[in-house]
Structure formats: C-alpha cells, structure tokens
Number of protein chains: 2
Amino acid sequence: MPESIWLRDDDRPRRPRLSRERIVEAAVALLDAEGAAGLSMRALAARLRAGTMSLYEYVRSKEDVLDLALDEVIGEIEEPPEPGPWRDYLVRQLTQSRAVMRRHPWVPALTATRPLLGPNALARSRPFYAALASAGLAGPALTAAVGTLTSYVNGFVAAENIWWARIRTPAADAELRGAVAGHLNERMADLARLAQVDNGDFDGQFLLGLDLILDGIAARLPPETS
Amino acid sequence: MPESIWLRDDDRPRRPRLSRERIVEAAVALLDAEGAAGLSMRALAARLRAGTMSLYEYVRSKEDVLDLALDEVIGEIEEPPEPGPWRDYLVRQLTQSRAVMRRHPWVPALTATRPLLGPNALARSRPFYAALASAGLAGPALTAAVGTLTSYVNGFVAAENIWWARIRTPAADAELRGAVAGHLNERMADLARLAQVDNGDFDGQFLLGLDLILDGIAARLPPETS
DNA sequence: ACGGTTTTCCGTACAGTGCACGGAAGACGG
DNA sequence: CCGTCTTCCGTGCACTGTACGGAAAACCGT
C-alpha cells in the first residue's frame, strides 16, 4: 500500500503546467497591459514562469497566439437570450462590441489583419445575420448590411482608440489637443471650424453614426407588417 | 575664369544622395512589394543603395517612415475640380479611396494604428466636410456623417484585403474558399446559408453598403430646397 | 588657397525579436 | 525494468530598430 491518497500530493496527477487556455489568458492580459508591441513570446513565457520555447508545444507561432487572443476577447460579447426587435438588438450588440474593443484597445488594429474564423467570432455573427434576416433582408442586401455595420464599428473604435492611446494623463490630453488644434488651425482654419465638435464625445458620435446606418437599412426593408 | 559652367558637371551643386522624398518613395514601393512585414530599415536602405543609418539623417524613426508613406499614398487620391452634387461627389471620392487602398493593401491596417494628420490627409478631408456641409449638415451630425463614411471605407477595405492577401493564384483561391466553406458548413450551416453571397463581389457589396449610409444621411438632411 | 564649421554618410555595436533544433526529465504502458 | 511519448526548455541563428561616434565631403569667411 504505497503512499495512501491522503498522504500523496495528488494535485497534479497528470497536469501539464501549461495549456492553451493559460497561454491565451496570459496573452490577453499582456496585450491589455503593454499593447501589441509589448507582446513577445519571451515576455509571454516569463509571465507564465515558463521557458520561451515551452509555448511552442501548444501553439505553432506567435500568429496563432494572436488569433486565439482575438477570438478569446470576442467571446466576451455576451449572446442575448431574447432576440427582441432587430434594431434594439443590433444597437445593444454593437455597443457591447465597442465596449470590448475599448477594454482591449489592441483589437481593432488586429482585426484589420486577419480573418475572423474562430468559434466565438462565428457564434457572435450568427444571431447578427439572423436578426437582419428576420427583419426582412436577404441575399446581397443582407451581407452588405452586416458588412457595413461591422466595418463601421471596427473603423470607429480603431480611430477612437488612437486618441485614447495617446493620452494617459489629463495634462497630456490637453497638450495633445492643443497641438492638434494648432496644427489644424494653422493649415486649414475652415476645416477646423467645420469640425469643431471633435471634442471627446465619442459615445454620442458612435450612436449617431450607428443610427445613420440603421436608418439606411430600415429604408431598404420590404414595407411589410408588424 | 575657373571651370566654365559648360565644362563643369553641375548636376549636383549641393545634392545629397538621399532625401525624404526618395525615402518615402522607396518605402511605398517596398511596402507594395513585400507588405508591412517586409519593410525594415535595412531593406529600405539597401533598395536605395545606402547605408542603413543614413536614413536616420532624414527621418527620426521607422514610425516616421510609416507616417510619411501613408500620407504619400493618400495623396494619390485626386481632388476633383468641380464639386457637383454631394452624393455623386462622395461616391466618386470614396470609390477612389478604396482603389488606392487596394493598390496599397498595407494602408487600412496602418490607418488603424496612427492619426492621419499629414498634409495630404488634411487636404483630402477638407472638401469632404465641405460637401456634406453644403448638403445641409452641421455640428455633431456632420462629424458623425464623415466619421461613419471613413470608418466604413477603412473597415470594408481592410476586410477585403485580408482575403485578397491570402490568394495569389486561382488554385490557392479555390482551396481557401473551400476550406472556409467547409469550416463554416461544418460548424454552423444555417449561417453559411444566410451568407451565401460571400463570393467575391466586393465591388457590388461596397457600393451597396455605401448607398445604405448615404440613404441614412439623406434622410437626416433638412428638407430644404434644390 | 586655406582653416573651420556643417552636413551627409555609414560601420559598429547592443539589446531585443521569432523560432528551429535537439536534448533532458518525467509519466506512462508493457 | 525498459522503451515510448509527452512536456519542458537552453542554445543558437538570422534578423530587427537605433544610439553612438567617426570619416568624408561641401560650404563659408578670410
């Protein structure tokens, strides 16, 4: 009777220290903390207290890590149980997408680089198509509507994040804002006057643009029923 | 009378071999040929037959090169002499933006990273604001409309380029298309059925989405005159 | 014609990157 | 007790951006 269970340390009966899940979790944390430039395989391994090359047991390349991290945070968008009216549903869903991309500012630039084929990305786009299909869209109009909306959200948050990235302190904010304003006023004052509302009301701007697109979609719906 | 002009080789009275212009020109060519990953300061210098560190006489960092290259290709969008009706103008201008981003596929991912403050970018956005302003928009609605349109174009072409990047040969195209279709059908057949129009009609999709947004904008215009 | 200053060019060096290779250490099935 | 297989990872290579400092050339004032 060798080593009774009660005496044995059975915490790791056959447990690898690393795993894909642990790696992508650490990768997301690292990306959030240091940005895309801060993610190196060495830094990632260090954060997991592992040797660099150990990661390659679970992942073929750094690209894989990025793909996995991306799909991971896409999973943070929760799927709603009840569909409800299509327009409310889309606003809610896309607002949430934006929130995720703000929590993880490295996301928009990454999506511009790689196709989104991960399980979470697919799971999230399904009800999205379904909502617009139930509203009456089909065929090219349907895919165009979906494409327009996702392109808009990605593009908007990408632009937004550029500005957020360059300000951490209010002082830096004021200085940057001043420098840009000076730059603009100096070389095209009329444009600066037209676009004077480029103060930081990103929330309002986001919803405004979204409504614009949704109005365009609504106008294209078959003039049907309820 | 030393060295008459006619005998002197005055081709280079004080001509540095390098210049910012030559550097950004080479950078654009290199980016077009090799993609963003292929642009290294060493490769860039080699293409100019210069030492690597010579570049730093004209540019503070690689980031500078990217900013300059980006603004350079934005300059390829020609400014139209006659404004004309706002809607036609916007469609023409944005179609041209898309064409530029297709010629230089590295552009959309770059724009997602940095602010566009170069002279060409500013010069191009001015008539853009002006067109929508002349249509009757002002204040937040104006900036929202501009933001929506540019976000859409960026996002659309970014997504589009992802697919173009992965196919060079028709064989690769067919294989990729098959793999993706299989992947989709396997794990969510209904979605695949809804989105069956994801064949390569990017042109049509682009204009469809654009019309969507423009309809939304038109609906928001003050119900005024001619 | 000449000394000094400024501009251009760039070789070297350093810290950092992704990852190929091959070995070690341990868990497992026979 | 002996292979085999999985996990871990040290070393090494080719490559990156760029700090530093020196060489050479072009310019200017005398």
Side-chain angles (χ1 to χ4, degrees), chain A residues 2-3 5 7-28 30-31 33-70 106 109-110 113-114, chain B residues 1-3 5 7-27 30-31 33-70 106 109-110 113-114:
Chain A
E3 312 279 341
I5 304 200
L7 304 178
R8 220 185 321 141
D9 176 15
D10 227 2
D11 257 0
R12 40 205 84 224
R14 174 52 170 170
R15 169 138 55 131
R17 307 199 319 98
L18 257 43
S19 70
R20 231 172 226 211
E21 290 77 28
R22 297 224 317 129
I23 290 177
V24 318
E25 182 194 332
V28 169
L30 191 52
L31 285 165
E34 315 276 355
L39 179 76
S40 76
M41 294 305 269
R42 285 187 238 266
L44 182 54
R47 182 174 265 259
L48 291 161
R49 257 175 262 287
T52 307
M53 295 311 292
S54 304
L55 303 178
Y56 288 88
E57 204 66 43
Y58 300 90
V59 128
R60 236 194 279 276
S61 67
K62 186 183 178 180
E63 296 281 289
D64 280 9
V65 176
L66 291 173
D67 281 331
L68 290 168
L70 192 49
W106 43 274
L110 253 201
T113 299
R114 50 207 350 100
Chain B
M1 187 220 283
E3 311 278 342
I5 303 199
L7 305 178
R8 221 184 320 141
D9 176 16
D10 229 3
D11 257 1
R12 42 203 83 223
R14 173 55 169 167
R15 171 137 56 130
R17 306 197 323 99
L18 256 43
S19 70
R20 233 175 224 207
E21 289 76 28
R22 296 223 318 129
I23 291 177
V24 316
E25 182 194 332
L30 190 53
L31 283 164
E34 314 277 354
L39 178 75
S40 75
M41 294 305 269
R42 284 186 240 265
L44 182 53
R47 181 175 265 260
L48 290 161
R49 260 175 261 285
T52 307
M53 295 311 291
S54 305
L55 303 178
Y56 287 89
E57 205 66 42
Y58 301 89
V59 127
R60 237 196 278 279
S61 68
K62 185 183 178 179
E63 295 281 289
D64 281 8
V65 177
L66 292 172
D67 281 331
L68 290 168
L70 192 49
W106 42 275
L110 254 199
T113 299
R114 54 213 339 104

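- The distance between atom CZ of A:R17 and atom C1' of C:dG26, rounded to the nearest whole Å, is 13 Å.
- Remark: P of D:dC5 and CD of A:E57 are 14 Å apart, rounded to the nearest angstrom.
- Contacts with DNA chain D (heavy atom under 4.0 Å) in residues 18-26 of chain A: A:L18, listed by number.
- Scored by the side chain to side chain donor-acceptor pair (under 3.5 Å) test, B:E25 finds no partners at all (sequence neighbours excluded).
- DNA chain D lies under 4.0 Å from at least one heavy atom of each of the following residues of residues 46-55 of chain A: A:A50, A:G51, A:M53, A:S54.
- Not one side-chain nitrogen or oxygen of B:Y56 sits closer than 4.0 Å to the OP1 or OP2 atom of C:dC10.
- Taking B:A43 as the reference, B:L30, B:S40 meet the side chain to side chain contact (heavy atoms under 4.5 Å, CB included) condition, with sequence neighbours excluded.
- Test B:L70, B:V24, B:L44, B:L55 against B:V65 for side chain to side chain contact (heavy atoms under 4.5 Å, CB included) and you get one pass: B:L44.
- Nearest approach of A:L48 to A:R22, heavy atoms of both residues: CD2-O, 3.8 Å.
- Minimum interatomic distance between B:L31 and B:A36 (heavy atoms only, all atoms of both residues): CD2-CA, 3.7 Å.
- Counting only residues at least two apart or on different chains, the side chain to side chain donor-acceptor pair (under 3.5 Å) pairs with a member in residues 47-63 of chain B are B:E63-B:R114.
- When the P atom of D:dC15 is taken as reference, atom NZ of B:K62 falls 15 Å away, rounded to whole Å.
- Remark: B:R42 in residues 33-43 of chain B come within less than 4.0 Å of DNA chain C through at least one heavy atom.
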